[in-house]
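Excluded from the calculations below are hydrogen atoms, water molecules and symmetry mates; all remaining heavy atoms, backbone and side chain alike, are included. Not measured: the values here are computed from a predicted model.
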Amino acid sequence: MAITPEDLINKSFKIVRNESGYDRDEVDNYLDELVVELRALYTENESLKRKLAAAQSGSATPATNNTSSSSATAKSATQDKTSTPAPVAAGGAQDAAGLLAMAQKLHDEYVSQGEKTRAELVAKGEKEAKDLVAAARSQRDEVLSKLTDERDSLEITVESLRGFESRYRSKLQEHLTSQLEELKTLKSFEADAR
């Protein structure tokens, strides 16, 4: 499949968001350079084809001198003209192949760099995630330890309050019992006074 400069100009790529990729401006600039080079190669190729056709049509007319030496010279000149453009045309094809090879190499380098950058970003993300998880666990352990200490302190306070309540009830009961006894004694004094 032949790639024309217009193919490169009109080529569009899918835009991927939130993923590692190539710098769009850098890729566009490189494609512009490829278009210029490809147009130059097409122009050179067309020029060489015209020269070849002109050389072939010029050699098709018979030579005016019928001597064998001039005929041999004409044949030699024709062979020189026809054999010379072929390597140049092949050179143009080699330039195009070299340009495409260079483009492929650059593409491979960009892909390699992209994969390396992606791997670095993934590693960095995983490290940050591990650090966040470790920090969260540390904070959780610290909060749990603090809450456990507070719970133990509150349990001690509750036990102390239960002991206080028990002593208070006992003393209150003793006090009320002694008050009842005194009341009973007071009634009997009144009865004696009558």
Side-chain angles (χ1 to χ4, degrees), residues 1-39 41 95-194:
M1 173 175 94
I3 297 176
T4 66
E6 284 68 31
D7 291 337
L8 287 175
I9 291 171
N10 295 326
K11 179 67 177 170
S12 64
F13 297 94
K14 180 174 72 173
I15 296 174
V16 179
R17 303 213 186 270
N18 297 329
E19 289 190 24
S20 301
Y22 304 114
D23 180 3
R24 289 180 65 190
D25 292 335
E26 191 173 345
V27 172
D28 288 343
N29 291 339
Y30 185 71
L31 287 175
D32 291 343
E33 290 175 23
L34 286 177
V35 167
V36 170
E37 289 295 322
L38 204 52
R39 281 185 177 156
L41 288 173
D95 288 346
L99 186 62
L100 289 175
M102 183 177 71
Q104 182 64 42
K105 180 181 176 187
L106 186 61
H107 170 267
D108 293 343
E109 288 175 3
Y110 279 136
V111 168
S112 174
Q113 183 63 33
E115 288 174 350
K116 180 181 174 186
T117 302
R118 181 192 58 148
E120 288 172 357
L121 289 173
V122 167
K124 181 180 177 184
E126 287 175 350
K127 182 184 180 310
E128 287 178 2
K130 285 179 183 176
D131 290 347
L132 286 172
V133 168
R137 285 183 177 158
S138 173
Q139 187 177 7
R140 179 200 63 189
D141 292 344
E142 185 179 317
V143 168
L144 281 175
S145 174
K146 186 176 179 181
L147 288 174
T148 301
D149 291 345
E150 287 180 12
R151 184 194 65 201
D152 292 345
S153 175
L154 287 173
E155 285 177 353
I156 290 170
T157 303
V158 166
E159 282 302 313
S160 172
L161 288 173
R162 283 185 181 149
F164 175 77
E165 177 192 21
S166 176
R167 288 189 305 274
Y168 180 77
R169 284 178 180 266
S170 293
K171 287 184 179 182
L172 182 60
Q173 190 175 11
E174 288 175 11
H175 177 71
L176 290 176
T177 304
S178 76
Q179 290 295 318
L180 281 173
E181 289 298 321
E182 282 185 32
L183 282 176
K184 287 181 186 176
T185 308
L186 283 175
K187 280 186 182 179
S188 64
F189 286 132
E190 285 181 16
D192 289 338
R194 285 183 188 175

Can you confirm whether Q179 is buried at CD, in the sense that more than 12 heavy atoms of other residues, nucleotides or ligands lie under 6.0 Å from that atom?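 More than 12 within 6.0 Å, yes.
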With a 6.0 Å cut-off (strictly less than), is the heavy-atom count around CD of E155, excluding the residue itself, greater than 12?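 Atom CD in E155 is packed in, count exceeds 12.
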Step by step, work out the side-chain contact (heavy atoms from CB on, under 4.5 Å) result for L121 and R118. CA-CA 5 Å; L121 289 173; R118 181 192 58 148; 5.7 Å; no
Kindly indicate whether the side chain of [X], heavy atoms from C-beta on, has any atom under 4.5 Å from the side chain of [Y].
X: K171; Y: H175; result: no
X: E128; Y: K124; result: yes
X: M102; Y: K105; result: no
X: L34; Y: E37; result: no

Between [X] and [Y], is there a donor-acceptor pair closer than 3.5 Å when you use the side chain of the first and the backbone of the second?
X: S160; Y: I156; value: no
X: S166; Y: R162; value: no
X: T148; Y: L144; value: yes

Look up atom CG in L31 and atom CD in E26, then write down how far apart they are to the nearest 0.5 Å. 11.0 Å
Which distance, rounded to the nearest 0.5 Å, do you find between the CD of E142 and the CG of L147? 10.5 Å
Give the intermediate values and the outcome of salt bridge (charged side-chain N to carboxylate O under 4.0 Å, His left out) for residues R137 and D141. CA-CA 6 Å; R137 285 183 177 158; D141 292 344; over 6 Å; no
Name the one of V35, L41, V36 that satisfies side chain to side chain contact (heavy atoms under 4.5 Å, CB included) with R39? V35
Is it the case that Q104 and D108 place a side-chain donor and acceptor less than 3.5 Å from each other? yes
Starting from the C-alpha separation in whole Å, work towards a yes-or-no answer on salt bridge (charged side-chain N to carboxylate O under 4.0 Å, His left out) for R169 and E165. CA-CA 6 Å; R169 284 178 180 266; E165 177 192 21; 3.3 Å; yes
